[in-house]
There are 2 protein chains.
Amino acid sequence: MKRVSLKDIAKMVGASPSTVSFILNGKASQMRISDELKNKVLATAKKMGYQPNQVAVSLRTGQTKILGLLVEDISNSFFASLAKTIELEAEEFGYKVVYSSTENNSKRGVELLRMLTQRQVDGYLITPTVGMEEDIEMIVRHKKPLVLMDRYFPGIDTAFVQVDNAGAVKKGMEHLVNKGYKKIAFITIDSGMIQMKQREEAYTEAISRSAEQKKKLVLKVNFAGGRELAIDQITEFLKKNNPDAVFFATNYLGILGLESIRAIGLSIPTDLAVVCFDDNDIFRLHLPGITVLQQPVEAIARTAIHILMQQLGNNKIALKKNQVQLAANFISREST
Amino acid sequence: MKRVSLKDIAKMVGASPSTVSFILNGKASQMRISDELKNKVLATAKKMGYQPNQVAVSLRTGQTKILGLLVEDISNSFFASLAKTIELEAEEFGYKVVYSSTENNSKRGVELLRMLTQRQVDGYLITPTVGMEEDIEMIVRHKKPLVLMDRYFPGIDTAFVQVDNAGAVKKGMEHLVNKGYKKIAFITIDSGMIQMKQREEAYTEAISRSAEQKKKLVLKVNFAGGRELAIDQITEFLKKNNPDAVFFATNYLGILGLESIRAIGLSIPTDLAVVCFDDNDIFRLHLPGITVLQQPVEAIARTAIHILMQQLGNNKIALKKNQVQLAANFISREST
DNA sequence: TGCAATCGCTAAAACGGTTTAGTGAATCGA
DNA sequence: TCGATTCACTAAACCGTTTTAGCGATTGCA
């Protein structure tokens with residue numbers, strides 16, 4: 001069964017496609033179409049189950065009403081809620097969001113970015129990976145609406161929204177230091193992106209201020225070997241260095257860390273205190289609960305959308321700044 | 001800066017759009033275009049950073065190379081991995097997947113379905129909600145490729161892939177009965193969809209076979225009031241009925257249940273044994289680990305994509321059946 | 001040498017809408 | 001009564017591709 005087009009309706013009611021288009025787009029009175037014809041068209045459209053071909057509309061109007069969202073990993077709870085909030089917010093403005101995971105893979109990320117471009121998305125919301133610089137610059141040069149999230153490129157002038165990484169780590173470290181921990185380790189990854197650098201620098205800074213702890217204790221987990229090997233790296237690191245507290249730089253590192261700690265048989269917080277970046281159901285439900293620095297996910301998403309909408313010209317209230325850092329929430333639980 | 005179109009390239013090299021199109025689509029030799037012109041076009045396209053307008057291509061060819069995926073809730077780990085696998089599999093066949101969450105909301109679901117139709121997706125992968133019947137039938141009538149997942153409509157003849165719900169619950173119940181539990185409760189929701197009915201029926205069936213337990217003990221959680229109220233319902237139910245084991249019908253019910261159990265102060269498995277449908281990081285990491293019936297998520301995703309590709313005519317190997325049930329994995333942990 | 005076949009490429013229609021500039025008929029004002 | 005408006009619509013261009021049919025020039029064959 002063929003889908004019914006606007007022309008089919010036009011033929012059916014004996015009017016021209018233009019007239020039908022006006023009516024279906026609510027411009028009937030503006031174009032002073034008679035109520036009689038208007039109702040006839042509306043009724044026929046409904047009866048025939050007309051659904052406009054959005055592809056044709058997009059081609060003609062140059063607007064797809066689609067936003068492209070690229071996150072690191074949609075199955076990670078942080079990015080999942082980010083995506084969810086963005087989707088909901090975008091809907092308010094009449095935009096649909098298509099999202100994909102870069103898996104922090106540069107090649108994949110660039111490909112996805114190009115695909116979004118080819119699909120003519122109206123705006124981009126991106127958690128960039130290393131290697132995307134050129135394509136991001138291209139988007140900027142084309143003056144397409146764009147907001148980076150979670151991280152950004154220091155060398156490229158774009159809008160971005162991220163958590164205040166330095167402030168968050170600082171808060172967490174102060175908490176640990178105040179609690180009297182003297183050998184605090186920092187477990188992170190080397191993604192090459194700025195947000196991880198900011199977190200690590202804040203740790204280094206905190207250690208350098210500390211009277212008790214002179215030496216940094218940093219593990220950069222290498223994910224190349226997969227989940228199990230990552231856990232092994234953490235296990236080995238903890239066994240060898242024997243810290244009294246550990247700060248995980250992301251939620252997935254924290255989860256892997258909990259597995260390591262469990263495997264080693266350490267008890268939290270007696271043997272080892274734990275703080276983690278990002279909150280998560282697991283940290284809340286864990287026994288003991290894990291102290292975290294919760295990112296203001298909804299606020300990040302909302303801010304990003306608002307900046308983007310401003311660029312798209314859909315926003316009444318102008319935001320002052322388009323490079324934003326939002327404070328994290330410190331949630332103290334039993335792990336420290 | 002304006003984006004460069006195929007026509008721009010044509011003008012630049014002094015050829016016709018058709019010729020350029022042939023070359024860019026690798027039909028140069030087939031259309032016996034001279035290598036000289038071919039290379040010139042290719043070079044110019046690259047130099048100008050040409051990216052085909054996929055919207056125009058779609059309009060012309062009638063193919064968007066997009067699959068629409070509707071899940072219940074993308075931030076739920078089960079659906080997240082489902083989506084992820086589907087995305088990866090679809091990519092193999094040259095399809096991009098756009099996904100959205102119905103939130104089990106009939107109105108929202110129908111709207112999303114229509115949006116997918118209007119966006120001209122080439123195929124549908126859907127976890128349907130109550131109220132979608134008509135729109136699903138419409139898709140069937142239009143002979144559009146469609147595979148339902150996780151559930152289906154008994155009255156509508158469509159392809160579907162789901163876990164063997166009855167078999168899974170049966171296995172879980174047998175495990176509990178064999179372990180000697182005599183007052184096994186079943187906590188579920190009333191979504192009106194078949195997969196939940198299948199699970200509940202299997203529980204009822206197991207109880208009716210049981211020598212020890214004569215009475216069903218079922219709670220249907222009402223989600224209307226939100227998370228906290230849902231937890232309260234479970235708490236009240238457990239306090240009042242005092243079961244020695246509880247079977248949660250979905251992973252999110254299990255998570256809420258763990259919070260209830262924790263709030264009441266019951267200890268697992270001494271006071272209460274726990275089995276849950278769906279696996280999850282939380283159940284694995286929980287102390288004690290939670291016994292689960294793990295859905296074969298990847299297999300479900302792969303099967304669904306293959307059936308869909310068959311409908312799209314992209315598959316070499318024909319599948320025999322297009323209505324599939326896959327067995328769940330029983331994973332015994334310390335909670336039972 | 002003359003006709004057909006081949007070569008290398010192009011014109012133009014089509015996809016399904018939106019939008020600008022009109023068009024003929026009815027109504028209006030003077 | 002006649003020119004100007006208004007009314008209720010419509011014709012046609014256009015968005016950026018793909019694809020079918022075909023065109024003039026060259027080559028092949030007898």
Side-chain angles (χ1 to χ4, degrees), chain A residues 2-42 44-45 48-66 115 117-122 142, chain B residues 2-42 44-45 48-66 115 117-122 142:
Chain A
K2 194 71 175 41
R3 276 193 50 181
V4 14
S5 77
L6 182 144
K7 280 174 189 161
D8 296 332
I9 297 179
K11 215 164 287 171
M12 190 68 41
V13 304
S16 75
S18 356
T19 310
V20 175
S21 171
F22 290 134
I23 294 173
L24 293 177
N25 287 304
K27 295 180 184 160
S29 65
Q30 185 186 325
M31 287 290 140
R32 36 199 181 187
I33 312 280
S34 66
D35 278 5
E36 191 196 337
L37 183 52
K38 174 177 135 187
N39 293 329
K40 195 164 155 199
V41 165
L42 256 22
T44 324
M48 302 180 74
Y50 172 69
Q51 308 245 111
N53 181 329
Q54 193 56 47
V55 171
V57 174
S58 293
L59 179 59
R60 176 62 234 238
T61 62
Q63 289 207 98
T64 51
K65 289 288 174 181
I66 295 180
M115 129 137 355
T117 303
Q118 292 179 199
R119 305 257 184 219
Q120 313 292 123
V121 295
D122 290 344
H142 281 57
Chain B
K2 195 71 174 39
R3 276 192 50 180
V4 14
S5 77
L6 183 145
K7 279 176 191 163
D8 296 332
I9 297 180
K11 216 163 287 171
M12 190 68 41
V13 304
S16 77
S18 356
T19 309
V20 175
S21 171
F22 289 133
I23 295 173
L24 294 177
N25 287 305
K27 296 180 184 160
S29 64
Q30 184 186 327
M31 285 289 139
R32 38 200 179 186
I33 312 278
S34 67
D35 278 5
E36 190 195 338
L37 183 52
K38 175 176 136 187
N39 293 330
K40 194 164 155 197
V41 165
L42 256 20
T44 325
M48 301 179 75
Y50 172 69
Q51 308 245 113
N53 182 329
Q54 192 56 47
V55 171
V57 174
S58 292
L59 178 60
R60 176 61 235 239
T61 62
Q63 288 207 95
T64 52
K65 289 288 174 181
I66 294 179
M115 129 138 353
T117 304
Q118 298 186 1
R119 305 259 184 217
Q120 315 290 122
V121 296
D122 290 343
H142 282 56

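Because only heavy atoms are used, hydrogens play no part in the values below, and waters and symmetry mates are left out as well, while side chains stay in.
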**Item:** Distance in angstrom units between Gln30(A) CD and dT20(C) P, rounded
**Value:** 10 Å
**Asked** In terms of heavy-atom contacts, does NZ of Lys65(B) have more than 12 from other residues, nucleotides or ligands at under 6.0 Å?
**Response** yes
**Request:** Using a heavy-atom cut-off of under 4.0 Å over every strand shown, decide if Ser5(B) touches base, sugar-phosphate, or nothing.
**Result:** sugar-phosphate
**Fill in**
To the nearest angstrom, the CD-C1' distance between Gln118(A) and dG16(D) comes to 13 Å
**Request:** Looking at every strand, decide which applies to Lys11(A) at a 4.0 Å heavy-atom threshold: base, sugar-phosphate, or nothing.
**Result:** nothing
**Prompt:** Asn25(A) side chain N/O closer than 4.0 Å to the phosphate oxygens (OP1, OP2) of dT18(C)?
**Reply:** yes
**Asked** Distance-only, no hydrogens or angles: does the Asn39(B) side chain make a donor-acceptor pair with backbone N or O of Asp35(B) under 3.5 Å?
**Response** yes
**Message:** What I want to check is whether an N or O donor and acceptor connect the side chain of Arg60(B) with the base of dT17(D) at under 3.5 Å.
**Reply:** no
**Distance in angstrom units between Met48(B) CE and dG16(D) P, rounded** = 13 Å
**Message:** Run Val55(B) and Leu59(B) through side-chain contact (heavy atoms from CB on, under 4.5 Å) and show every step you take.
**Reply:** CA-CA 6 Å; Val55(B) 171; Leu59(B) 178 60; 5.7 Å; no
**Asked** Side-chain N or O of Tyr50(B) less than 4.0 angstrom from OP1 or OP2 on dG16(D)?
**Response** no
**Request:** Please report, rounded to the nearest Å, how far the C1' atom of dT17(D) is from the CD1 atom of Ile23(B).
**Result:** 15 Å
**Asked** What is the distance, rounded to the nearest whole Å, between atom CG of Leu24(B) and atom C1' of dG16(D)?
**Response** 13 Å
**Prompt:** Can you check whether Lys27(B) has a side-chain N or O nearer than 4.0 Å to OP1 or OP2 of dT18(D)?
**Reply:** no
**the helix from dT1(C)-dA30(D) to dA30(C)-dT1(D): angle between end helix axes, five pairs per end, rounded to 10 degrees** = 60°
**Prompt:** Whole Å only: how far is the CG atom of Leu59(A) from the P atom of dT17(D)?
**Reply:** 9 Å
**Message:** Output the rounded distance in Å from CD (Glu36(A)) to C1' (dA8(D)).
**Reply:** 12 Å
**Non-hydrogen atoms of Pro52(B) and Arg3(B) that approach each other most closely** = O-NH2, 3.9 Å
**Prompt:** Looking only at atom types and distance, does a side-chain atom of Ser29(A) sit under 3.5 Å from a main-chain N or O of Arg32(A), one as donor and one as acceptor?
**Reply:** no
**Shortest non-hydrogen contact between Met48(B) and Ile9(B), atoms and distance** = SD-CG1, 4.3 Å
**Complete:** Heavy-atom contacts, protein to nucleotides 7-12 of chain C, under 4.0 Å, summarised as B (base), S (sugar-phosphate only) or - (none) per nt, yield SBBBBB
**Prompt:** What distance do Lys40(A) atom NZ and Met12(A) atom CE have between them, rounded to the nearest 0.5 Å?
**Reply:** 11.0 Å
**Asked** Side-chain N or O of Lys7(B) less than 4.0 angstrom from OP1 or OP2 on dT18(D)?
**Response** no
**Request:** For Lys65(B) and dT18(D), give me the distance from atom NZ to atom P, rounded to whole Å.
**Result:** 14 Å
**Fill in**
Of all heavy-atom pairs linking Tyr50(A) and Leu6(A), the shortest is CE1-N, 3.4 Å
**Message:** Between Thr64(A) and Ser58(A) (side chain of the first, backbone of the second, donor and acceptor by atom type, cut-off under 3.5 Å), is there such a pair?
**Reply:** no
**Prompt:** Reckon Lys2(A) touches a base, only the sugar-phosphate, or nothing at all at heavy-atom distances under 4.0 Å?
**Reply:** sugar-phosphate
**Asked** Do the side-chain N or O atoms of Thr61(B) get closer than 4.0 angstrom to the phosphate oxygens (OP1, OP2) of dT18(D)?
**Response** no
**Message:** Side chains of Ser16(A) and Thr19(A): any donor to acceptor distance under 3.5 Å?
**Reply:** yes
